[in-house]
Amino acid sequence: MSDQIQFIVEKLNQEPFRKNYNLITFDSLESMQLLQLLNDVLGEIDPKHAVDIREELPEQTAKRMLGLLGILKYKPPGSISDLSAFRQGLVTGSKPVIHPVLHWLLQRTNELKKRAYLARFLVKLEVPAEFLQDDTVADINKQYEELMEAFKNLHKECEQLKTSGLSAAEIRRDISAMEEEKDQLIKRVERLKKRVETVQNHQRMLEIARQLRLEKEREESLAQQKQEQKNQLFHAEQRLQRAQLQLKEMHHAVVDSKPESLMKKLEEEINFNSYLVTEKIPRELDSKKNSTYFLQKVVAEPAMSQSDLNVLEIKINEVNAQINQLIEKRMMKYEPIDSKFSMYRQQASIISRKKEAKAEELQAAKEEMSSTERQMLQKTNQAHELEGSEVLKGDELKHYVNKLRSKNTFYKKKRLEIAEITAEYGVLQRTEELLKQRHEAIQQQLQAIEDKKGISGYSYTQEELERVSAVKSEMDEMKGRTLDNMSEMVKKLNTMVAEKKASLAPVIKELRQLRQKCQELTQECDEKKIQYDSCAAGLESNRSTLEQEVKGLLEECVQEESNYRYINCMKRNLEIQLQRAKEEVKAYVSPDPQERRKAIREQYTRMILEQENLGKKLREKQKVVRESHGPNMKQIKMWQDFERLMECKRECFLKQQNQTAIGQVIQEGGKDRLVL
């Protein structure tokens with residue numbers, strides 16, 4: 001229970017609650033505060049429940065919380081078997097009810113958030129059967145169920161996309177790359193269109209190319225259909241071969257066997273199968289049922305902490321020790337009588353164990369034989385797919401291997417020749433490109449010079465004239481050329497080609513060596529890269545595992561340290577209380593009256609007496625006050641009246657003085673006027 005409370009306090013002190021509790025403050029919470037705390041946790045899981053429970057009735061609060069706990073599939077612990085008792089504890093805010101609920105909710109907050117979100121859309125609204133008789137209600141209910149199924153499918157696809165590892169940034173990069181490729185393809189198509197437009201009858205050629213593409217696609221589909229039909233035919237032939245093989249094996253078994261051997265074999269199989277059915281399988285089934293029963297019992301029980309497990313282990317050890325003691329006592333008690341029977345029992349148990357072991361070995365051998373037969377059939381099928389004939393054996397296999405070796409050497413030789421020809425072709429193609437680039441650059445320079453001199457088109461005209469004159473001269477030369485000149489030109493061309501080949505031979509040879517070296521270095525680089533990636537992956541996995549272990553150990557260390565501090569504080573408090581109790585007992589038992597006076601009991605006794613005396617004095621004083629209350633009130637009223645009377649006299653006296661002062665001033669003013 002302490003581990004459970006500590007876990008709850010740690011979770012509540014984290015985000016998003018940040019309650020800043022400790023074990024003492026959490027344990028001192030009242031029932032209303034516990035209910036509000038439970039409601040806050042439920043509100044974090046489902047925002048609809050983020051309300052103040054003081055603004056609603058307790059029955060409404062309990063009904064709302066029970067409804068959400070039912071949706072979240074919470075099962076009360078075994079100690080609260082009665083649902084009404086659990087409901088009553090939830091209404092009153094009982095700690096034995098609230099604490100397990102909080103522990104269960106805080107253990108799986110993210111999972112419960114997802115379940116609460118899905119419950120808003122997947123909790124089916126039950127419609128009474130009499131309302132479903134209406135066609136409109138039935139159609140709306142059907143649409144509601146279809147929308148619920150569509151939501152399920154969309155949610156599954158969303159979860160699959162989340163777990164597939166594709167992020168939005170990667171998808172954006174892929175989209176941008178595809179858009180760039182699309183722009184490049186559009187530009188390339190436009191360039192090809194411009195190049196094709198200069199060709200005569202390009203529309204007809206495009207139509208022919210389109211028809212050719214369609215025919216090729218049709219040819220590919222027909223080839224695919226042909227391949228599928230070949231595969232079907234091959235599978236049918238395989239099934240036929242397997243059936244023929246089984247038939248042949250059955251014929252051999254019938255020919256080579258006798259009725260006695262067949263009967264003996266059948267009896268052995270029947271005995272083995274009957275042993276499996278009557279003894280082995282029921283025993284295994286009973287053991288599986290027992291294990292399932294115990295597992296269900298363990299699942300039904302509340303979550304257990306490490307301390308509970310330790311207590312159970314201690315109990316198990318004690319029970320095992322008691323069982324061993326009882327067995328020893330029984331053996332000591334009945335050994336002289338049942339010595340012979342015990343020997344037979346031991347022999348029977350040994351024979352039964354051997355029988356079980358042999359049966360398991362036989363079953364394993366049969367499973368291994370069936371798996372080996374399946375592998376043999378798979379290998380035979382693969383050989384048929386590759387070669388199309390039966391598996392070779394003996395001299396035929398040696399002859400076939402020699403034939404493959406000769407073909408391999410011939411293939412390598414031809415591959416080297418193809419590589420040489422490809423290299424020469426690449427060199428010549430590059431030379432042609434360079435010459436074309438130089439020709440285009442010279443043509444551009446010449447055109448710029450003609451534009452600068454004001455004779456643009458001169459080179460084109462001159463080329464045309466030269467071409468025409470060259471054609472004319474060629475025609476003339478062709479007419480007047482003889483066979484000797486032609487043979488002499490052929491010789492010259494051959495010598496030129498031989499010279500070019502001779503000049504290019506060392507370059508090509510060096511290029512071959514460099515390419516071979518480049519291939520070797522590339523292969524070595526790939527191997528090193530693979531080694532590096534595997535090593536880096538191993539180190540990364542080791543680092544991650546070590547980090548997780550360190551994190552777990554740090555958390556365990558912090559938890560143990562907090563437990564130690566809490567236990568140390570409790571120990572100090574108990575020691576202080578124990579010391580005070582010892583001093584109290586010592587002072588109370590001591591014969592010295594001075595020591596007795598120091599005892600807390602004596603001090604409290606004196607304080608009680610003092611308070612009782614003080615109470616008596618106060619009661620006497622209260623009595624005197626009650627008796628003199630009436631006359632005192634009358635006297636107070638008389639003094640108040642006297643005070644008002646004196647105040648009235650003072651005001652009258654002040655008014656009279658003011659009036660006399662005003663009269664004197666008026667008289668003096670009249671005298672002054674008379675003098676003037």
Side-chain angles (χ1 to χ4, degrees), residues 1-14 17 19-38 77-80 89 92-103 106-107 301-322 552-615:
M1 186 62 72
S2 61
D3 296 336
Q4 189 182 72
I5 295 174
Q6 188 171 1
F7 175 79
I8 294 169
V9 171
E10 288 177 358
K11 287 292 183 181
L12 291 175
N13 290 336
Q14 296 174 3
F17 304 105
K19 294 294 184 180
N20 197 15
Y21 286 148
N22 55 29
L23 294 174
I24 298 171
T25 55
F26 178 76
D27 191 58
S28 62
L29 290 176
E30 296 179 355
S31 59
M32 201 70 180
Q33 293 174 339
L34 270 177
L35 280 174
Q36 185 62 50
L37 186 61
L38 177 60
S79 59
I80 310 172
T92 58
S94 177
K95 291 181 181 180
V97 174
I98 302 295
H99 287 176
V101 177
L102 284 173
H103 185 263
L106 294 172
Q107 269 185 332
E301 289 181 356
M304 302 179 72
S305 61
Q306 188 64 34
S307 60
D308 298 333
L309 292 175
N310 294 330
V311 172
L312 287 176
E313 286 180 358
I314 293 167
K315 288 182 179 179
I316 289 166
N317 293 329
E318 292 177 355
V319 172
N320 288 331
Q322 292 176 2
L553 291 172
L554 287 173
E555 291 177 355
E556 186 177 356
C557 180
V558 171
Q559 186 176 0
E560 294 296 332
E561 187 177 354
S562 63
N563 289 333
Y564 168 73
R565 290 179 179 174
Y566 175 71
I567 292 167
N568 200 6
C569 291
M570 296 295 291
K571 181 182 175 184
R572 289 178 183 173
N573 291 331
L574 292 173
E575 287 177 353
I576 292 168
Q577 292 177 5
L578 183 62
Q579 185 66 27
R580 290 176 65 186
K582 287 181 180 179
E583 291 177 356
E584 178 67 19
V585 170
K586 185 178 178 182
Y588 184 71
V589 176
S590 177
D592 190 5
Q594 297 295 330
E595 291 292 332
R596 283 186 181 178
R597 288 180 182 178
K598 293 181 181 179
I600 297 174
R601 182 174 179 179
E602 295 294 332
Q603 292 177 6
Y604 277 114
T605 305
R606 287 198 302 273
M607 289 173 67
I608 289 168
L609 292 173
E610 290 175 0
Q611 293 296 325
E612 287 179 354
N613 295 327
L614 182 61

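Worth knowing before you read on, the calculation uses all heavy atoms, side chains too, and leaves out hydrogens, waters and symmetry mates.
- From Arg572, atom CZ reaches atom CD1 of Ile567 across 13.0 Å, with rounding to the nearest 0.5 Å.
- The shortest non-hydrogen separation linking Leu34 to Lys95 is CD1-CG, 3.5 Å.
- For the atom pair CG (Asn317) and CD (Gln322), the distance works out to 11.5 Å, reported to the nearest 0.5 Å.
- For Asn13, the side chain to side chain donor-acceptor pair (under 3.5 Å) criterion is met by no residue, not counting sequence neighbours.
- Judged as a side-chain contact (heavy atoms from CB on, under 4.5 Å), and not counting sequence neighbours, the contacts of Glu575 are Lys571.
- Of the inter-residue distances, the one linking Gln14 atom CD with Glu10 atom CD reads 7.0 Å to the nearest 0.5 angstrom.
- Crowding of Glu30 atom CD: a count of heavy atoms from other residues, nucleotides or ligands under 6.0 Å not exceeding 12.
- With hydrogens and angles ignored, the 3.5 Å screen pairs no side-chain donor or acceptor of Asn568 with any backbone N or O of Tyr564.
- Partners of Glu561 according to the salt bridge (Lys or Arg N to Asp or Glu O under 4.0 Å) rule, which considers only residues two or more places apart in sequence or in another chain, are Arg565.
- We find the CG-CG distance between Leu102 and Leu38 to be 5.0 Å, quoted to the nearest 0.5 Å.
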>> Before you tell me yes or no, could you show the steps for Met32 and Gln36 under side-chain contact (heavy atoms from CB on, under 4.5 Å), namely the whole-Å CA-CA distance, both residues' side-chain angles and the distance that decides it to 0.1 Å?
In response: CA-CA 6 Å; Met32 201 70 180; Gln36 185 62 50; over 6 Å; no
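- A distance of 7.0 Å separates CD1 of Ile314 from CD of Glu318, quoted to the nearest 0.5 Å.
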>> Test side-chain contact (heavy atoms from CB on, under 4.5 Å) on Leu12 and Leu106; report intermediate values, then the result.
In response: CA-CA 8 Å; Leu12 291 175; Leu106 294 172; 4.3 Å; yes
